[in-house]
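A short worksheet on the structure shown next.
Just so you know, these numbers use all the heavy atoms, side chains as well, and skip hydrogens, waters and symmetry mates.
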Amino acid sequence: MPTYVYACKNCGHRFEERQSFSDPALTTCPVCSGDLRKVFDGVGVTFKGSGFYRTDSRSGSGEGSSSSSSSD
């Protein structure tokens with residue numbers, strides 16, 4: 001289940017809530033009963049290592065460079 005961050009528009013209280021995708025969004029602050037809004041941050045995914053770029057999966061000699069030099 002994803003974790004959502006909510007912030008109160010009135011008092012500024014921030015908290016996290018684990019909810020299913022099908023659960024309705026929270027609307028009332030548990031501290032002051034004010035209106036809530038969802039806080040959207042950057043994606044919590046970090047890619048580490050090689051293999052994430054088109055050129056990472058190719059060999060050092062590269063077929064593309066040798067075929068372009070032979071056509072000159």
If you link I, L, V, M, F, W and Y whenever their side-chain heavy atoms are under 4.5 Å apart, who else ends up in the same group as Leu36?
Tyr4, Tyr6, Phe15, Phe21, Leu26
Under 3.5 Å, side chain of Gln19 to main-chain N/O of Met1, donor-acceptor pair present?
no
Contacts of Ser22 that satisfy side-chain hydrogen bond (donor to acceptor under 3.5 Å, both in side chains) - sequence neighbours left out
Ser20
Nearest non-hydrogen partners of Cys11 and Cys8, listed with the distance:
N-SG, 3.4 Å
What pair of heavy atoms forms the shortest contact from Ala7 to Val39, and how long is it?
CB-CG2, 3.6 Å
Testing the basics here: between Asn10 and Cys32, what is the closest heavy-atom pair and its distance to 0.1 Å?
CB-SG, 4.0 Å
